[in-house]
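These values consider heavy atoms only, across backbone and side chains, with no hydrogens, waters or symmetry-generated copies. No experiment lies behind these values; they were computed from the predicted model shown. Numbering starts at 1 and runs along the sequence shown.
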Amino acid sequence: MRYILIALLIIVFGYSLALVLQNPTELPVDLLFTQVPAMRLGLLLLLTLALGIVVGLLLGVQVFRVFQKGWEIKRLRKDIDHLRKEQIQSAQLAAAEAAANVRHEKTVVDVYPQDKNSTPL
């Protein structure tokens, strides 16, 4: 990967150098806040290319963040739904166990009713 990046940088540098050398015409440039009386056309093309790449990368990163946050929100919602289902199931199980315990206690009380009201002899 490192060698591919180095080769790509060398190619871009060579293209930039050829662009500047092939376009030696000088022309005035208005940069909104200032005016350059004479700039080589190749250099102007190179600056606009670099500016376009930087702006494109920044916008791409922001758009990717939006998609990434959307994916994360969707994943978290699925996790919440799964946890809610687990919580409902555990609550139903606990309620069933509590109901079984109440029935067991009622049965034990019904079987030995004299123990509650009996007095020692």
Side-chain angles (χ1 to χ4, degrees):
M1 184 68 182
R2 174 183 270 168
Y3 297 114
I4 294 172
L5 184 61
I6 291 171
L8 187 62
L9 288 174
I10 289 172
I11 290 170
V12 169
F13 177 75
Y15 177 73
S16 302
L17 184 62
L19 190 66
V20 171
L21 293 176
Q22 291 295 323
N23 295 297
T25 308
E26 291 189 358
L27 56 119
V29 179
D30 185 12
L31 298 174
L32 295 179
F33 300 110
T34 185
Q35 187 167 4
V36 179
M39 179 182 275
R40 292 181 76 160
L41 181 59
L43 184 60
L44 179 64
L45 290 172
L46 189 62
L47 288 175
T48 55
L49 178 67
L51 184 63
I53 289 171
V54 169
V55 169
L57 285 174
L58 290 175
L59 287 175
V61 166
Q62 290 294 51
V63 168
F64 181 71
R65 279 188 188 162
V66 168
F67 285 132
Q68 189 177 19
K69 286 181 183 181
W71 296 330
E72 183 72 13
I73 288 170
K74 194 179 291 185
R75 185 187 66 79
L76 290 173
R77 283 185 178 154
K78 284 182 182 178
D79 289 348
I80 288 171
D81 289 340
H82 178 70
L83 291 172
R84 280 185 183 154
K85 287 177 185 176
E86 284 183 4
Q87 189 178 21
I88 289 170
Q89 288 174 351
S90 64
Q92 288 173 344
L93 182 63
E97 288 177 4
N101 287 338
V102 167
R103 275 182 277 178
H104 176 70
E105 289 174 4
K106 186 175 181 185
T107 304
V108 169
V109 170
D110 289 343
V111 170
Y112 304 108
Q114 71 276 8
D115 288 344
K116 285 174 70 176
N117 296 330
S118 66
T119 57
L121 295 172

Contacts of Asp79 meeting side chain to side chain donor-acceptor pair (under 3.5 Å) (sequence neighbours excluded), chain-then-number -> Arg75

Tell me who clusters with Tyr3, hydrophobic residues only, linked when side chains sit under 4.5 Å apart either directly or through other members. none

What pairs of residues pass the side-chain hydrogen bond (donor to acceptor under 3.5 Å, both in side chains) test when at least one of them lies in residues 15-41, not counting sequence neighbours? none

Which residues pass the side chain to side chain contact (heavy atoms under 4.5 Å, CB included) test with Arg65, sequence neighbours left out? Val61, Gln62

Going by atom type alone, with no hydrogens or angles, which donor-acceptor pairs under 3.5 Å involve a side-chain atom of residues 42-57 and a protein atom two or more places apart or on another chain?
from: Thr48; atom 1: OG1; to: Leu44; atom 2: O; distance (Å): 3.2
from: Thr48; atom 1: OG1; to: Leu45; atom 2: O; distance (Å): 2.8

List in chain and number order the residues that pass side chain to side chain contact (heavy atoms under 4.5 Å, CB included) with Arg84, two or more places apart in sequence or in another chain; answer none if no residue qualifies. Ile80, Asp81

Co-members of Leu93 in a cluster of I, L, V, M, F, W and Y side chains, linked at under 4.5 Å: none

If you link ILVMFWY side chains whenever their heavy atoms are less than 4.5 Å apart, which other residues fall into the same cluster as Ile4? By chain and number, please. none

Is Trp71 reachable from Val63 through a run of I, L, V, M, F, W or Y residues, each pair having side-chain heavy atoms under 4.5 Å apart? yes

Name all residues meeting the side chain to side chain contact (heavy atoms under 4.5 Å, CB included) criterion together with Phe13; count only those two or more places apart in sequence or in a different chain, and write none if there are none. none

In terms of hydrophobic clustering (I, L, V, M, F, W, Y; side-chain heavy atoms under 4.5 Å; direct or indirect links), are Leu27 and Leu19 co-clustered? yes

Contacts of Glu86 meeting side chain to side chain donor-acceptor pair (under 3.5 Å) (sequence neighbours excluded), chain-then-number -> His82

Once side chain to side chain contact (heavy atoms under 4.5 Å, CB included) is applied, do any residues pair with Ile6, and if so which ones, sequence neighbours excluded? Arg2, Ile10

Side-chain hydrophobic cluster, 4.5 Å single linkage: members besides Ile73: none

